[in-house]
Undergrad: 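Okay, here's the structure, questions in a sec.
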Amino acid sequence: MARPVGTITRGTTNPNRLRRMDRWIASVLGPELRRAADPVAVDLGYGAAPWTAVELLGRLRTVRPDAVVVGLEIDPARVAAAEPYRRDGLTFAHGGFEVALPGGTGRRPVLIRAANVLRQYDEGDVPAVWDRLRARLAPGGLLVEGTCDEIGRRHVWVAIGPEGPRTVTFATRLGSLDRPSDLAERLPKALIHRNVPGEPVHAFLTEFDRAWATAAPFASLGARQRWIRSVRLLAEGGWPVTDRADRWRQGEVTVRWEALAPRGS
Ligand SMILES: C[S@@+](CC[C@H](N)C(=O)[O-])C[C@H]1O[C@@H](n2cnc3c(N)ncnc32)[C@H](O)[C@@H]1O
């Protein structure tokens, strides 16, 4: 077998860490997953233990009962460590950004999820990795690439279709939030070094904090109402928010990629 593309990095993971991302994927990708001829998803870089792959399978099966998940890891020791978790619909394989699935080269995943993987690569690596991964997607498939804290209270991810990046989603446990820009420390690799004046993502987080301050009176109704009000203010101010209040209620907001993309990209 050819050497997998990429490098072994820290394997830190935690049970339940990616629940916000899993829920979003099941909702947004649900229609595509239901009609997929081959409902296969990849958890790329699942880490030292395969909990995130186990949980992704459970979440996808609420949408599509015969969904399958392949956990791909570039560290062979982590593939061996995952074997006891193999079960109906869940397999593990040694692999990297080439995303070679067991069952043949013609097989294309409807989802590639890469969480907390690119964070340890260089910013300059990101465009080529995205291009390589999205080229592996089934038509209508989605690459979800992002970062979160150790216990999944703060999360930011980019959703990328076969044609290129589509959206950026911010998701947080609202009770733990001082201000929206607390999420800056969890920006994905493509954006984290761009949170500086003059860059769109910095302007967005600055305006989000301003909206949060304006919405302070809503705090008496709870952090959720304050978040919803803040997102509404952002949308009224012209930021291309693509989702609705049912997602905002969960401490999420999704914005079109073009509005946050680094200058010159
Ligand atoms: C920090 S862990 C993330 C674990 C899990 N996804 C999570 O979010 O909790 C990153 C993992 O990605 C793996 N990795 C890094 N580059 C990879 C690549 N090109 N292909 C597959 N796995 C990779 C590393 O070996 C490591 O186990």
Side-chain angles (χ1 to χ4, degrees), residues 1-26 40-60 69-85 90-102 105 107-109 111-137 142-160 169-173 183 185-190 192:
M1 180 186 144
R3 204 165 153 265
V5 179
T7 40
I8 297 174
T9 55
R10 278 192 308 278
T12 318
T13 187
N14 260 318
N16 223 13
R17 183 187 200 189
L18 302 182
R19 62 196 177 282
R20 295 176 199 283
M21 190 188 250
D22 285 349
R23 285 199 294 259
W24 185 88
I25 288 170
V40 58
V42 170
D43 194 16
L44 184 67
Y46 54 80
W51 296 308
T52 64
V54 173
E55 290 161 3
L56 181 62
L57 178 69
R59 182 59 66 175
L60 296 184
V69 170
V70 178
L72 287 180
E73 237 303 328
I74 199 161
D75 181 345
R78 294 174 188 160
V79 180
E83 271 310 304
Y85 293 84
L90 181 62
T91 54
F92 302 99
H94 184 213
F97 295 141
E98 71 287 354
V99 188
L101 290 180
T105 50
R107 234 179 145 202
R108 289 173 178 274
L111 168 75
I112 301 174
R113 187 269 291 286
N116 300 298
V117 174
L118 289 192
R119 187 74 188 265
Q120 298 172 65
Y121 284 75
D122 290 336
E123 183 188 8
D125 294 335
V126 174
V129 172
W130 281 4
D131 286 350
R132 185 184 270 274
L133 295 178
R134 69 186 170 87
R136 290 292 300 126
L137 291 170
L142 209 58
L143 162 64
V144 180
E145 189 270 303
T147 309
C148 67
D149 64 356
E150 287 67 20
I151 55 173
R153 288 192 306 192
R154 290 175 189 167
H155 222 323
V156 188
W157 60 81
V158 182
I160 299 152
T169 298
F170 298 78
T172 186
R173 180 170 172 272
L183 284 156
E185 64 190 33
R186 300 299 161 182
L187 285 167
K189 195 70 189 187
I192 192 158

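Whatever order the structure lists them in is the order used to number ligands and atoms, beginning at 1.
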Undergrad: In the protein, which heavy atom is nearest to atom 16 (N) of ligand 1, and how far is it?
TA: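 The closest heavy atom on the protein side is Tyr121 OH, 2.7 Å.
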Undergrad: Who's the nearest protein heavy-atom neighbour of atom 2 (S) of ligand 1, and how far?
TA: Arg10 O, 3.2 Å
Undergrad: Which residue supplies the protein heavy atom nearest to atom 23 (C) of ligand 1, what is that atom called, and how far is it?
TA: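 Of the protein heavy atoms, Ile74 CG2, 3.5 Å lies nearest.
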Undergrad: Could you tell me which atoms of ligand 1, counted from 1 in the order shown, lie closer than 4.0 angstrom to a heavy atom of Gly6?
TA: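 Counting atoms of ligand 1 from 1, those under 4.0 Å from Gly6 are 19 (N).
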Undergrad: What is the nearest protein non-hydrogen atom to atom 7 (C) of ligand 1, stated with its residue, atom name and distance?
TA: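 Among all protein heavy atoms, the one nearest atom 7 (C) of ligand 1 is Arg17 NH1, 3.4 Å.
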Undergrad: Write out the residue and atom name of the closest protein heavy atom to atom 21 (C) of ligand 1, then the distance separating them to 0.1 Å.
TA: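 Of the protein heavy atoms, Gly95 O, 3.3 Å lies nearest.
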Undergrad: Please identify which atoms of ligand 1 are closer than 4.0 Å to at least one heavy atom of Tyr46.
TA: 4 (C), 5 (C), 6 (N)
Undergrad: Is Gln120 close to ligand 1, meaning an N/O of one under 3.5 Å from an N/O of the other?
TA: no
Undergrad: Which atoms of ligand 1 have any heavy atom of Leu44 under 4.0 Å away?
TA: 20 (N), 21 (C)
Undergrad: May I ask you to check whether Val5 has an N/O atom sitting below 3.5 Å from an N/O atom of ligand 1?
TA: yes
Undergrad: To which protein heavy atom is atom 27 (O) of ligand 1 closest, and what is the distance rounded to 0.1 Å?
TA: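 Nearest protein contact, heavy atoms only, for atom 27 (O) of ligand 1 is Glu73 OE2, 2.4 Å.
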Undergrad: Provide, to 0.1 Å, the distance between atom 20 (N) of ligand 1 and the closest protein heavy atom, together with that atom's residue and name.
TA: Gly96 CA, 3.1 Å
